[in-house]
Amino acid sequence: MNTYLIAPSLLSANFAKLGEEAEKVLTAGADMLHLDVMDNHYVPNLTVGPLVCEALRKHGIKAPIDVHLMTRPVDRLIVDFANAGATYITFHPEASDHVDRSLALIRKHGCKAGLALNPATTLQCLEYVWDKLDLVLIMSVNPGFGGQAFIPSALDKIQQLRQMITAYKRDIRLAVDGGVKAENIAQIAQAGADTFIAGSAIFHHADYRAIITLMRQQLAEIG
Ligand code: DX5
Ligand code: ZN
C-alpha cells in the first residue's frame, strides 16, 4: 500500500490569491495540489486552463500538481497541461473517444496518467488499461462543484478497486474526490484509498495546518 497523500483542491481556494493559497497549504503540510479543470460542457461549471497551472509553476510551486480534467474532449488539453507543468493528468473515460490512446498520450508527454470514475461509472472500464494507469480517482460526488456531500456508495467501489489493484499487483494510486473531510477520511482510508482530495474541508477552514494535521491524525489512528 502506498503512503497516504493529502491533496487540497484549489477549487475552494481564494482565486484572487492563488499562488499564496497554494504555498500556504503546502507549508501547512499538504503533499500535492489538485487543480479542477471544468469546461461548461462536460460539467456545468467553468474554471481554469493550462495558463493557471503554468502560473503556479512560475510562482515557484514545486509540489506535484494533479490536474483533474472535467472536459470533453481531452487530448489537446493533455498536451497543454503537460507543457504547463502538470504531474498527474486525470480524465473521465466518457470524455474521450479513445481512452487507451489518451492515457498513452499523457505518459508520452512525461506525466502520470489517471482515470476519474463518476459515481455511476463502473470499474469495468479499467479492465484493459491497467498497464497505462498511475492513478484511479473515485468521484464521491458528481463532478462540477465543491462542497457537496460524500456519496456513501463510493466506499464499496473503493473496496472493490483496492482488491483489484492488489490482485493485479499494480503500483496505482487510489484517489477519492468529493466530500472528503476529517470526519470521514479514516473510513475512506479503511475502504482502501491512499490519496485524499479535499477542497472545502481545507480551504474553508481558518487554519490549514490544523485541519491537515487533524486529517493525518485520523489516518494515523487506523495505522
Ligand atoms: C468536484 C471536484 C473536486 C472538488 C471537491 O467536481 O472534482 O475536486 O473540489 O470539493 P470538496 O472537497 O469541497 O467536495
Ligand atoms: Zn477534482
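For ligands, and for the atoms within them, numbers begin at 1 and follow the listed sequence.
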Near the Zn ion (ligand 2) (under 2.8 Å) - protein N, O or S atoms: His34 NE2, Asp36 OD1, His68 ND1, Asp177 OD2
Salt bridge (Lys or Arg N to Asp or Glu O under 4.0 Å) against Glu94, all qualifying residues, sequence neighbours excluded: none
Ring geometry between Tyr42 and His92 (parallel below 30°, tilted from 30 to 60°, perpendicular above 60°): tilted
Passing option when Leu35 is tested against Val48, Asp66, Ile89 for side chain to side chain contact (heavy atoms under 4.5 Å, CB included): Val48
Spacing of CG belonging to Leu135 relative to CG belonging to Leu115, to within rounding of 0.5 Å: 9.0 Å
The single option from Asp134, Val129, Ile78 passing side chain to side chain contact (heavy atoms under 4.5 Å, CB included) against Leu103: Val129
Carboxylate-amine/guanidinium proximity below 4.0 Å for Lys132 and Asp100: yes
ring-ring contact (aromatic ring centres under 6.0 Å, His included) partners of Phe150, counting only residues at least two apart: none
More than 12 heavy atoms of other groups within 6.0 Å of Gln187 CD: no
Closest contact, heavy atoms only, Arg162 versus Ala191: CB-O, 4.1 Å
Give me the pairs of N or O atoms, one from ligand 1 and one from the protein, that sit under 3.5 Å apart.
from	atom 1	to	atom 2	distance (Å)
ligand 1	6 (O)	Gly144	N	2.8
ligand 1	7 (O)	Asp36	OD1	3.0
ligand 1	7 (O)	His68	ND1	3.2
ligand 1	7 (O)	Asp177	OD2	2.8
ligand 1	8 (O)	His34	NE2	3.4
ligand 1	8 (O)	Asp36	OD1	3.1
ligand 1	8 (O)	Asp36	OD2	2.8
ligand 1	8 (O)	Asp177	OD1	2.7
ligand 1	8 (O)	Asp177	OD2	3.0
ligand 1	9 (O)	Ser9	OG	2.7
ligand 1	9 (O)	Asp36	OD2	3.1
ligand 1	12 (O)	Gly199	N	2.7
ligand 1	13 (O)	Gly147	N	2.8
ligand 1	13 (O)	Ser200	N	3.0
ligand 1	13 (O)	Ser200	OG	2.5
ligand 1	14 (O)	Gly179	N	2.8

